[in-house]
Number of protein chains: 2
Amino acid sequence: MSSPTDRTTTARAAAKQASLARILDAGAARMRSEGLSGAAIGPLMQEAGLTHGAFYAHFPSKNELALAAFSHGFSSGRPRWLGRIRDVSWAARLKRLAQRYLNQAHRDNLPESCGFAALASDAARAGPQFRERYEEELRRTLEAIRRPFADGDDAATDDTIALMALCVGGLSLSRAVASEALSMRILRVCQTAAATLADAADTQDSTPGKSK
Amino acid sequence: MSSPTDRTTTARAAAKQASLARILDAGAARMRSEGLSGAAIGPLMQEAGLTHGAFYAHFPSKNELALAAFSHGFSSGRPRWLGRIRDVSWAARLKRLAQRYLNQAHRDNLPESCGFAALASDAARAGPQFRERYEEELRRTLEAIRRPFADGDDAATDDTIALMALCVGGLSLSRAVASEALSMRILRVCQTAAATLADAADTQDSTPGKSK
DNA sequence: CTACTCGTATGACGATCATCATGTCAAATT
DNA sequence: AATTTGACATGATGATCGTCATACGAGTAG
């Protein structure tokens with residue numbers, strides 16, 4: 001380590017960073033579509049344009065990749081999901097997020113979909129390290145949804161938790177089912193339920209100042 | 001193949017049936033706690049008191065076991081979950097089911113827990129065969145919840161779908177998270193949300209109107 | 001120009017897996 | 001009593017996996 005500042009200036013460091021980015025992209029996508037242990041290092045590195053041996057120049061173990069790729073998926077996906085805030089009320093924001101989440105396009109795009117839903121069962125079976133990372137990203141998402149509308153409001157956080165549970169469960173069920181008809185029905189019904197929860201949250205909110 | 005009727009009367013057939021039952025029990029439990037492909041045949045058969053080779057006297061492949069064990073888990077678990085009907089109203093029934101589902105005991109008992117939640121991510125990645133089985137069991141559960149209260153009612157089925165999505169999502173999130181505090185909060189919040197949905201369903205069933 | 005650094009490629013290791021061929025022995029049939 | 005059946009055990013096969021030792025080669029520093 002000659003100088004810590006030129007890490008991004010040298011050609012070699014830039015090449016390694018590009019490789020790392022490809023590994024993270026491939027890892028995040030494959031783990032969401034094939035599971036934490038279902039995504040193997042060999043095919044993953046091949047997708048990244050490298051061979052399996054090069055993996056250990058970037059991560060000491062597969063578990064470390066799982067942690068990094070999971071967070072990487074949210075770092076790149078969260079801004080796309082939340083978008084710029086232009087909703088007029090708290091209830092409207094919750095409804096809009098449910099619409100963005102519970103639809104056919106998101107359901108069918110497993111590699112780029114929400115990691116909370118795609119890796120929920122895997123996280124339940126994973127070690128405490130991964131679950132801590134899962135919780136960290138979940139808390140960040142809850143904050144990102146709630147903060148612009150109700151900073152530090154516990155009731156609004158509860159609203160968001162319920163909405164996310166409904167969305168994660170609805171998306172998971174719609175994916176687990178075989179027939180297109182039932183799958184679409186699940187998505188539609190959960191959207192309606194999300195609207196019901198959002199309206200109920202609006203009337204119950206102890207701090208109604210920010211909404212409307 | 002002398003007589004097809006005495007298959008259950010002979011000592012050998014009874015022994016095989018007992019072995020099959022142990023394999024199904026072990027398979028259903030291990031697949032819920034370790035995943036569809038995470039549960040290996042070797043350890044599974046050892047838990048059933050047999051060796052790995054004996055497996056193929058009962059199932060032609062591991063996939064066939066997955067189908068049978070998944071259904072087996074519901075055949076033995078559904079009566080325990082639904083219990084005898086003694087609720088006075090549709091909303092009360094939905095709330096009671098949410099209470100039975102969204103609690104610490106169910107969360108921590110992964111091997112005997114609800115297969116919909118434990119295998120949701122796995123089903124999304126599985127082939128159409130397993131997803132068809134998943135859908136079949138889901139439809140049976142929806143029917144078993146709804147039928148005693150609203151036979152053939154589409155609105156009641158929608159209520160049940162939304163409740164199950166909320167329950168599956170809430171339980172999955174509570175398992176995927178590291179800290180006990182957040183996990184319990186998720187369960188509590190989702191119980192409250194389930195009650196909100198149940199009340200909204202009650203007012204919607206008898207009197208049309210409100211929001212959609 | 002020389003020596004060193006280090007990301008990557010190659011190949012191998014042991015472990016684990018699903019699957020199957022073969023042997024064995026008790027129960028069932030004749 | 002003799003024969004057949006079939007559930008189960010044993011062991012092997014080939015595939016796949018994570019991990020690592022080693023070697024190469026381009027970039028960097030002196």
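Below, read A as the first sequence line, B as the second, and so on, with proteins coming before strands; counting in each chain starts at 1.
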Rounded to the nearest Å, what distance is computed from the CE atom of residue Met31(B) to the C1' atom of nucleotide dA18(C)?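 Taking CE of Met31(B) and C1' of dA18(C), I get 12 Å after rounding.
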Integer-rounded Å distance: dG6(D) P and Leu20(B) CG: 17 Å
When every nucleotide of nucleotides 7-20 of chain D is labelled 5' to 3' by its protein contacts under 4.0 Å (heavy atoms), B for base, S for sugar-phosphate only, - for none, what sequence of letters results? SSBBBB----SSBB
Tell me the salt bridge (charged side-chain N to carboxylate O under 4.0 Å, His left out) pairs involving residues 30-43 of chain A, sequence neighbours left out? Arg30(A)-Glu34(A), Arg30(A)-Glu47(A)
Using 30° and 60° as the class limits, which term best fits the ring planes of Tyr134(B) and Phe130(B): parallel, tilted or perpendicular?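 Tilted: the ring planes of Tyr134(B) and Phe130(B) meet at 30° to 60°.
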Could you pull out all donor-acceptor pairs under 3.5 Å where a side-chain atom in residues 112-119 of chain B meets a protein atom, sequence neighbours excluded?
from, atom 1, to, atom 2, distance (Å)
Glu112(B), OE1, Asn109(B), ND2, 3.1
Ser113(B), OG, Leu110(B), O, 3.0
Ser113(B), OG, Arg175(B), NH2, 2.9

Could you tell me if Arg125(B) and Ser33(A) have a donor-acceptor pair between their side chains, going purely by distance under 3.5 Å? no
Check ion pair Glu143(B)-Arg139(B) (N to O, under 4.0 angstrom): no
